[in-house]
Engineer: 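Structure provided below as structure tokens; questions to follow.
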Number of protein chains: 2
Amino acid sequence: MAETRSVDTRERILDAAEKLFTANGFDGTSMRQITGAAGVNLASVNYHFGSKEALVQEVFRRRLAWLNTERLRVLTTMEQAAGDKPLKPSQIVEGFFGTLLGMAQDEARGGVTFLRLLGRTLTDPADFIRTFLADEYQEVVERYKAALFKALPDVPRAEIAWRFHFMLGATSYAIAGTDALRLVTDWQVDDEDATDRLDRLQPRLMSFLLGGLRAPLPKF
Amino acid sequence: MAETRSVDTRERILDAAEKLFTANGFDGTSMRQITGAAGVNLASVNYHFGSKEALVQEVFRRRLAWLNTERLRVLTTMEQAAGDKPLKPSQIVEGFFGTLLGMAQDEARGGVTFLRLLGRTLTDPADFIRTFLADEYQEVVERYKAALFKALPDVPRAEIAWRFHFMLGATSYAIAGTDALRLVTDWQVDDEDATDRLDRLQPRLMSFLLGGLRAPLPKF
DNA sequence: AATTAATTCATACGTTCGTTTGAATGATAT
DNA sequence: ATATCATTCAAACGAACGTATGAATTAATT
């Protein structure tokens with residue numbers, strides 16, 4: 001086997017595809033752009049991945065495998081430390097969304113590029129992407145939701161589920177739109193540089209999420 | 001002028017395009033699908049709108065014109081009623097996001113279909129869409145942001161801007177993903193039917209948004 | 001009724017898309 | 001060194017795309 005060659009090609013393709021998908025979307029990125037940017041032959045994608053659709057899935061699988069494992073590890077560790085006691089909501093939120101935001105600083109795990117891609121893709125219209133992502137997320141979301149149910153026994157479960165949903169939205173959007181819809185934040189934060197902005201995003205978002213999670217229940 | 005014919009054709013195209021864009025995205029929707037669903041000739045789109053890109057913009061302009069006017073009207077009315085006093089944050093949030101969510105019930109203004117399209121499109125990668133949307137939103141966002149600054153004079157402006165951003169995200173996502181990433185809510189809310197769910201979304205979301213907006217400030 | 005203008009129509013153009021093919025090249029193993 | 005296998009490569013495929021064209025049709029104007 002000619003291992004070094006093919007592994008290189010695979011990863012070069014995945015890296016190039018990740019960047020281009022983030023910048024131009026799936027439909028907006030052609031195989032020729034990807035292979036061109038990766039410096040490999042056009043036919044390589046179909047040889048290594050089978051199809052463009054399969055490439056898209058592999059771009060996500062590569063990153064989500066780690067993210068999901070890490071999220072489960074963090075939750076399990078916290079639950080073991082807590083024994084029978086329920087976790088604090090802030091712990092759970094921090095475990096789920098903090099792990100995600102941590103990837104932004106980790107260039108080897110995709111960094112901001114992948115986060116932006118993920119945030120945007122959660123609302124992608126293409127069926128095969130949504131079902132794929134739902135499958136990948138399912139176990140982790142269930143575990144964290146269960147933890148929240150236990151942590152907030154007096155709050156109706158439907159309410160918690162919805163607020164989880166809202167938290168996901170605020171987070172995805174905060175990441176995906178960091179320089180997308182800058183209009184909201186543009187003139188107020190230009191005293192901070194780009195890296196500073198990202199460092200400060202996490203505590204800011206966490207405060208917001210926790211405030212929303214613990215808000216008074218709506219009166220119907 | 002053959003007015004009735006062309007007006008019909010224009011609106012049939014816009015309606016069909018709105019639905020198809022929502023279901024399949026912009027790149028995922030072809031001119032032939034649009035004209036086919038609208039029951040008009042393929043060349044009609046280029047005749048009436050000039051290009052596919054221009055059609056996309058018109059799909060939004062048609063709805064956003066009303067939404068923006070209404071948002072400004074609501075804000076102005078509230079400010080006049082308040083005189084010199086600052087508005088309550090809940091009023092401002094209700095004015096901005098309540099107006100939006102109200103469109104869901106208004107089929108003549110696009111209903112849920114347009115809301116879903118709008119929510120998803122705020123993070124669309126295509127440049128011409130983002131700049132177009134930013135232009136359309138600019139004035140309204142500025143006015144509401146200013147109202148929030150006045151309502152929360154002790155909160156740093158950067159913080160308010162960010163939380164506005166987060167609120168936009170939670171809302172967009174709540175709308176766009178209502179049946180997209182159902183995995184979060186699926187098993188907890190199936191006791192409610194579809195219309196019921198949408199009626200209840202608004203108070204639920206408002207509680208969440210206000211909780212987030214008024215959350216304790218993060219400690220850096 | 002005749003003329004003009006606006007709209008609709010069938011059809012075709014050139015481009016780009018994802019994918020396939022079969023030969024060339026490289027590395028591994030006997 | 002030779003045979004075997006995996007990988008790369010240049011080239012081409014048919015399909016689908018957005019757009020343009022010029023004739024046919026319909027409505028409005030005189």
Side-chain angles (χ1 to χ4, degrees), chain A residues 1-62 117 121 124-129 132, chain B residues 1-60 62 121 124-129 132:
Chain A
M1 270 191 291
E3 192 112 19
T4 38
R5 271 204 306 169
S6 74
V7 167
D8 267 14
T9 301
R10 272 184 64 96
E11 298 232 331
R12 290 170 65 86
I13 291 174
L14 288 172
D15 289 342
E18 189 174 72
K19 286 199 187 85
L20 287 166
F21 288 157
T22 304
N24 310 317
F26 302 117
D27 293 322
T29 303
S30 71
M31 306 281 267
R32 286 164 179 83
Q33 285 179 271
I34 295 170
T35 52
V40 302
N41 187 271
L42 169 60
S44 307
V45 174
N46 288 282
Y47 176 78
H48 284 285
F49 301 96
S51 67
K52 185 182 182 182
E53 197 167 297
L55 170 64
V56 171
Q57 297 191 9
E58 188 55 33
V59 165
F60 282 100
R61 203 187 314 271
R62 173 171 76 144
L117 179 61
T121 308
D124 195 275
D127 264 350
F128 85 94
I129 295 181
F132 169 75
Chain B
M1 269 192 292
E3 192 112 16
T4 37
R5 268 205 308 169
S6 73
V7 167
D8 267 14
T9 301
R10 272 184 64 96
E11 298 231 331
R12 290 170 65 85
I13 291 174
L14 288 172
D15 289 342
E18 190 174 74
K19 285 199 189 87
L20 286 167
F21 288 157
T22 303
N24 309 318
F26 302 117
D27 292 322
T29 304
S30 71
M31 305 281 266
R32 286 164 178 82
Q33 284 179 271
I34 296 170
T35 52
V40 302
N41 188 270
L42 169 61
S44 308
V45 174
N46 287 283
Y47 176 79
H48 284 285
F49 301 96
S51 67
K52 185 181 181 181
E53 195 167 298
L55 170 63
V56 171
Q57 297 191 10
E58 188 55 33
V59 165
F60 283 100
R62 173 171 76 145
T121 307
D124 195 275
D127 265 350
F128 85 95
I129 295 181
F132 168 75

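Note: hydrogens, waters and symmetry copies are ignored here, and every other heavy atom, side chains too, is used. Every chain is numbered from 1, with letters handed out A, B, ... down the list of sequences.
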Engineer: Write down the distance between CZ (A:Arg10) and C1' (D:dT8), rounded to a whole number of angstrom.
Structural biologist: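 About 16 Å, once rounded to whole Å.
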
Engineer: Can you check side chain to side chain contact (heavy atoms under 4.5 Å, CB included) on B:Tyr47 and B:Asn41, steps first, answer last?
Structural biologist: CA-CA 10 Å; B:Tyr47 176 79; B:Asn41 188 270; over 6 Å; no

Engineer: Which whole-number value in Å describes the distance from A:Ile13 CD1 to D:dT8 P?
Structural biologist: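 For the pair A:Ile13 CD1 and D:dT8 P, the rounded distance is 8 Å.
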
Engineer: Which nucleotides of nucleotides 9-20 of chain C have their base under 4.0 Å from a protein heavy atom (B), which only their sugar-phosphate (S), and which neither (-), written as one string 5' to 3'?
Structural biologist: BB-B----BBBB

Engineer: Counting only pairs under 3.5 Å, give me each side-chain donor-acceptor contact of residues 50-58 of chain B, with atom names and distances, residues two or more places apart or in other chains.
Structural biologist:
from	atom 1	to	atom 2	distance (Å)
B:Ser51	OG	B:Ala54	N	3.2
B:Lys52	NZ	B:Phe26	O	3.0
B:Lys52	NZ	B:Thr29	O	2.6

Engineer: Would you say B:His48 reaches C:dT8's phosphate, i.e. side-chain N/O to OP1/OP2 under 4.0 Å?
Structural biologist: yes

Engineer: Taking OP1 and OP2 of C:dT8, is either one under 4.0 Å from a side-chain nitrogen or oxygen of B:Thr9?
Structural biologist: yes

Engineer: Measure across A:Pro125 and B:Thr22 and return the closest heavy-atom pair with its distance rounded to 0.1 Å.
Structural biologist: CB-O, 4.4 Å

Engineer: Just verifying a value: how many Å separate B:Thr121 OG1 and B:Phe132 CZ, rounded to the nearest 0.5 Å?
Structural biologist: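 B:Thr121 OG1 to B:Phe132 CZ: 10.5 Å, rounded to 0.5 Å.
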
Engineer: Return the CG to CD distance between B:Leu20 and B:Glu18, rounded to the nearest 0.5 Å.
Structural biologist: 10.5 Å

Engineer: Roughly how far, to the nearest 0.5 Å, is CG of A:Leu14 from OG1 of A:Thr9?
Structural biologist: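 Between atom OG1 of A:Thr9 and atom CG of A:Leu14 there are 11.0 Å.
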
